[in-house]
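Here the structure is laid out as structure tokens; the discussion comes afterwards.
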Amino acid sequence: MPSAPDFPLLCPVCRNSLRSGGDGARTLVCGAGHSFDAAKQGYFNFLVGKGTAFEADTAQMVAARFDFLSAGHYQPLADAVAELAAPALAGVREGRPAVLDAGTGTGHYLRTLLDRFVPDRFEPGCVESNPVEGGGRAVDAGSGIVPTAIGLDISKFALRRAARLNPEALNVVGDVWQPLPVADNAVDAITVVFAPRNAPEFARVLRRGGRLVVVTPRPGHLAEIAGQTGMLGIEPAKDERLAASLGGHFAPVEARDLDLALALSPRDVTRLAFMGPAGHHLDRSALAALEAALAPSTSVSARFRISVFAPLA
Ligand SMILES: C[S@@+](CC[C@H](N)C(=O)[O-])C[C@H]1O[C@@H](n2cnc3c(N)ncnc32)[C@H](O)[C@@H]1O
Ligand SMILES: [Zn+2]
């Protein structure tokens, strides 16, 4: 677990700064005496008051997500997100850069991003998309400064996984629709992969020159299995809605489309169906029946858009 002073955190109760409570990184306290203990798995619960009405991902949905992502099917997406977020974190200002992964889930995408800054963990396969004069080493690792990181999610089941996968990050149970527990202008990059976006709060915490990297599905995403598995359809004009929801706070900088041709086992098809929002509604016994009926390999197209935004001045 990281040490608290690394993080520009605010108390979720009174908005004073939070600091380490003197027992290493396991307690955070503010000047007004509010205190937060780490759960034994290492994450902090910042949901205060009566909490949120939002339906958090369940343990089964989170397990399905973890297993699916661990199999590497979406790794090119994780690499692309990391590549687009990394420049904002690569030694562009004094001090330690900071990244917020909003709706971090199991922490998979944040892990890939942080690994770019740790030379020993960097996958040589990424070098091509990450050119460096003289070749070979990741430009991000070249700064020698590993960003400090905050993973936020409303699901404690997700945070248990994230805390294990990203022990160096601060993993926080919190609601993206509430004021974020992060100081103004404190982070250099925000990543949001299939998760809700609170534009005014993202704009408040992102410094000028920082970048917001958002992943959304494009029409046709997982179309081959959407009907069979009861997954929610991709609504048209999502792109325009994304821009509109961020407009007034962010301007688009660039967008990259990524298509993956997946060959999925029956188990992976049902994991994929179960790990998203549809997991709240899907009938597990019907999914088990589907899994039994599926061919050994199903061709599925994953269609993503990765959009990069800059805060408006
Ligand atoms: C489709 S999952 C994506 C998770 C992760 N980014 C990934 O791609 O693996 C959406 C995530 O957003 C989280 N989430 C949904 N509503 C939220 C909210 N209001 N505040 C924080 N997290 C939220 C869910 O718990 C879930 O982990
Ligand atoms: Zn406080």
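FYI, side chains are in, hydrogens and waters are out, and symmetry mates aren't considered; it's all heavy atoms of this structure. Each ligand, and each atom within it, is numbered from 1 in the order the structure gives.
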For ligand 1, which is the ligand I care about here, please tell me if [X] has any N or O atom under 3.5 Å from one of the ligand's N or O atoms.
X    : value
P196 : no
F194 : no
A158 : no
Y109 : no

Would a 4.5 Å heavy-atom cut-off, applied to side chains only, mark [X] and [Y] as touching?
X    : Y    : result
F202 : F309 : no
L242 : V214 : yes
L89  : F117 : yes
H73  : L264 : yes
H280 : M61  : yes
Q75  : H108 : yes
E224 : L262 : no

Consider ligand 1: state whether an atom of it lies below 4.0 angstrom from any non-hydrogen atom of R65.
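Flag set, R65 near ligand 1.
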So is G174 touching ligand 1 or not, going by heavy atoms under 4.0 Å?
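Contact present.
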Relative to [atom], which among [options] owns the nearest non-hydrogen atom?
atom                    : options               : answer
atom 3 (C) of ligand 1  : V193, T104, L159, L77 : V193
atom 5 (C) of ligand 1  : A195, A278, G103      : G103
atom 26 (C) of ligand 1 : T106, D175, D57, L47  : D57

Should you measure from each heavy atom of [X], which atoms of ligand 1 turn up under 4.0 Å away?
X    : value
V176 : 18 (C), 19 (N), 20 (N), 21 (C)
W177 : 19 (N)
L69  : 9 (O)

Closest H34 atom to the Zn ion (ligand 2) [N, O or S only]:
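Going by distance to the Zn ion (ligand 2), the closest N, O or S atom in H34 is ND1.
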With a 4.0 Å cut-off, would you call R207 and D188 a salt bridge?
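Salt bridge between R207 and D188, a charged N being under 4.0 Å from a carboxylate O: yes.
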From T191 atom OG1 to R211 atom CZ, the distance as rounded to the nearest 0.5 Å
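Spacing of OG1 (T191) from CZ (R211) equals 14.5 Å.
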With the Zn ion (ligand 2) at the centre, find the angle made by SG from C11 and SG from C14, to 10°.
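The two atoms subtend 110° at the Zn ion (ligand 2).
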